[in-house]
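The block underneath contains the structure these notes are about, expressed in structure tokens.
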Number of protein chains: 2
Amino acid sequence: MATKRSQPAARKPRADAQRNRERILEVAKAAFTEFGANASLDDIAKQADVGPGTLYRHFPTRDALLEAVYRTEVERLAAAERTFAETMPPVEALRAWMLLFVDYIATKKIIAAALNTVVGDPSKVFESCHAQIWEAIRSLVTRAIQSGDIREDLDPIDLLRALIGVANVSTSPDWQQSARRLVDILIAGSRPVK
Amino acid sequence: MATKRSQPAARKPRADAQRNRERILEVAKAAFTEFGANASLDDIAKQADVGPGTLYRHFPTRDALLEAVYRTEVERLAAAERTFAETMPPVEALRAWMLLFVDYIATKKIIAAALNTVVGDPSKVFESCHAQIWEAIRSLVTRAIQSGDIREDLDPIDLLRALIGVANVSTSPDWQQSARRLVDILIAGSRPVK
DNA sequence: CATATTAACGGAGACTGTCTCCGCTTGCAA
DNA sequence: TTGCAAGCGGAGACAGTCTCCGTTAATATG
């Protein structure tokens with residue numbers, strides 16, 4: 001007879017595997033930040049003191065690695081949403097989060113690059129990350145609609161799309177200002193028609 | 001003595017060179033549309049019945065080729081601006097052009113990809129194209145400001161950035177609707193505060 | 001602690017795409 | 001016609017991706 005479970009009662013993962021995984025992530029983050037989303041994967045492996053095989057076993061595709069790096073950032077954004085929602089009036093929370101979002105993406109170009117990649121081919125990567133971000137802005141918008149500060153027919157995703165645009169073209173020196181202005185325009189345009 | 005000019009009085013370009021150049025462009029356009037901005041250049045060369053050397057002489061970098069393909073589209077957008085400005089009231093012209101812009105970019109993913117590329121590294125490519133587009137929206141916004149329909153402190157570039165965002169995330173089936181809604185939000189948010 | 005088991009490692013190398021060099025071809029001017 | 005430079009194009013060096021598989025060593029077990 002097999003063991004109690006139909007699944008082979010998976011042994012706990014090896015310690016060195018865990019360590020390697022983390023080192024790879026760390027190095028990858030640095031590399032993507034420095035060289036953009038096209039950084040050489042073999043180089044990353046080398047810097048993390050593992051063979052290419054190891055890297056590819058942990059992260060079968062470039063996108064997988066990208067997503068893993070990307071994930072912690074996304075989690076931070078999601079957390080911020082919760083904080084803002086608790087400590088600020090609806091519209092302010094929305095505005096604050098939008099600004100943070102732009103700031104994040106613009107600073108860590110990785111994410112922008114990742115989002116762009118998604119556009120290119122219809123792969124399913126980043127799906128879970130998208131879900132988290134969508135949920136964040138959806139929640140913020142819903143609250144603002146309920147408080148009557150935002151018009152009812154506003155689709156949160158529309159805002160998100162606009163934000164990605166701002167973040168994308170953040171090469172000019174004054175993008176911080178630009179982002180702030182644009183967020184204000186978006187919010188102004190989202191108020192009830194009255 | 002040399003010829004009349006200090007410049008060696010450049011001979012007119014060879015006919016076959018011209019033909020090849022055009023065939024490459026044609027094939028490239030198809031390839032970029034089908035496979036995205038990463039289509040294999042050697043493949044493009046092959047399909048255009050030229051050697052890779054020829055392709056690279058005409059277009060030394062991928063970006064150069066991308067830009068060349070991109071250019072005619074941009075010219076069409078610039079032309080549309082002129083038409084709209086002549087035949088529509090200011091705000092309508094602005095809205096119409098914004099919609100066209102989104103439509104264009106979303107359909108021909110090439111351009112979006114190109115714009116994205118620009119984000120990644122601070123190369124100077126597409127500069128002239130950007131200039132043309134900037135000029136178009138600047139002109140539209142200026143006219144709308146003068147007619148008093150749009151608030152004075154609006155920076156045209158901000159709008160452009162938002163538009164690129166919409167276009168980027170145009171994978172969902174209803175992006176047409178989404179784009180329309182977002183353009184309306186942007187315009188609503190751009191009206192004078194009164 | 002000794003040992004068996006097997007997860008995990010890592011690097012050689014096949015493969016794919018980029019880009020260059022340079023000998024050959026050919027359109028054009030005289 | 002003919003000379004010649006503009007233009008061609010492919011062989012091949014190089015760089016990056018990804019896989020296969022023999023080896024290593026972390027864990028479970030007695």
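Quick note on labels: first sequence line is chain A, next is B, and so on, each numbered from 1.
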Apply side-chain contact (heavy atoms from CB on, under 4.5 Å) to A:Arg62 and A:Phe32, showing your working.
CA-CA 11 Å; A:Arg62 174 185 296 283; A:Phe32 285 144; 4.0 Å; yes
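- For B:Leu65 and C:dG17, the CG to P distance is 16 Å, given to the nearest whole Å.
- Mapping B:Ala15 and A:Asp16 onto DNA chain C via the closest heavy atom, the residue that lands nearer the 5' end is A:Asp16.
- Using a 4.0 Å cut-off, some side-chain N or O of B:His58 falls inside it from OP1 or OP2 of D:dC8.
- For B:Ala17, the side-chain atoms get nearest to D:dG7 when compared with the rest of C:dC19, D:dG7, C:dT18.
- Atom CG in A:Leu55 sits about 10 Å away from atom P in D:dT17, given to the nearest Å.
- B:Arg62 comes within contact range of the sugar-phosphate backbone alone, with a heavy-atom separation under 4.0 Å but no base atom that close.
- B:Arg57 has its CZ atom 17 Å from the P atom of D:dA5, to the nearest Å.
- Note that NE2 of B:His58 and CD of B:Glu22 are 10.0 Å apart. Values are rounded to the nearest 0.5 Å.
- Of the candidate nucleotides D:dT27, D:dT17, D:dG7, D:dT17 has the atom lying nearest to any side-chain atom of A:Tyr56.
- If you take CZ of A:Arg19 and P of C:dA7, they are 18 Å apart, rounded to a whole angstrom.
- In this structure, A:Asn20 reaches the C:dC9 phosphate: one of its side-chain N or O atoms is under 4.0 Å from OP1 or OP2.
- The phosphate of C:dG10 has OP1 or OP2 within less than 4.0 Å of a side-chain N or O from A:Thr54.
- Phosphate contact (OP1/OP2 of D:dG16, side-chain N/O of A:Asn38, threshold under 4.0 Å): absent.
- Of the charged side-chain nitrogens involved, at least one lies within less than 4.0 Å of a carboxylate oxygen, so that A:Glu73 and A:Lys29 count as a salt-bridged pair.
- Residue A:Ser40 places no side-chain N or O under 4.0 Å from the OP1 or OP2 atom of D:dG16.
- Put simply, CD1 on B:Ile24 is 11 Å from C1' on D:dG9, counting in whole angstrom units.
- One atom, CG of A:Asp49, and another, C1' of C:dC9, lie 13 Å apart when rounded to the nearest Å.
- Enclosure of atom CZ in A:Arg180 is not indicated, since only 12 or fewer non-hydrogen atoms of other residues, nucleotides or ligands lie within 6.0 angstrom.
- Taking the side chain of B:Leu41 as heavy atoms from C-beta on, and the options D:dG16, D:dT27, C:dC19, the nearest nucleotide is C:dC19.
- Considering CG of A:Leu154 and CZ of A:Arg191, their distance stands at 12.0 Å, rounded to 0.5 Å.
- If you take CZ of B:Arg21 and P of D:dA6, they are 17 Å apart, rounded to a whole angstrom.
- A donor and an acceptor atom sit less than 3.5 Å apart, one in the side chain of B:Asp42 and one in the base of C:dC19.
- Atom NZ in B:Lys46 sits roughly 11 Å away from atom P in C:dT18 (whole-Å rounding).
- Phosphate contact (OP1/OP2 of D:dA25, side-chain N/O of A:Arg14, threshold under 4.0 Å): absent.
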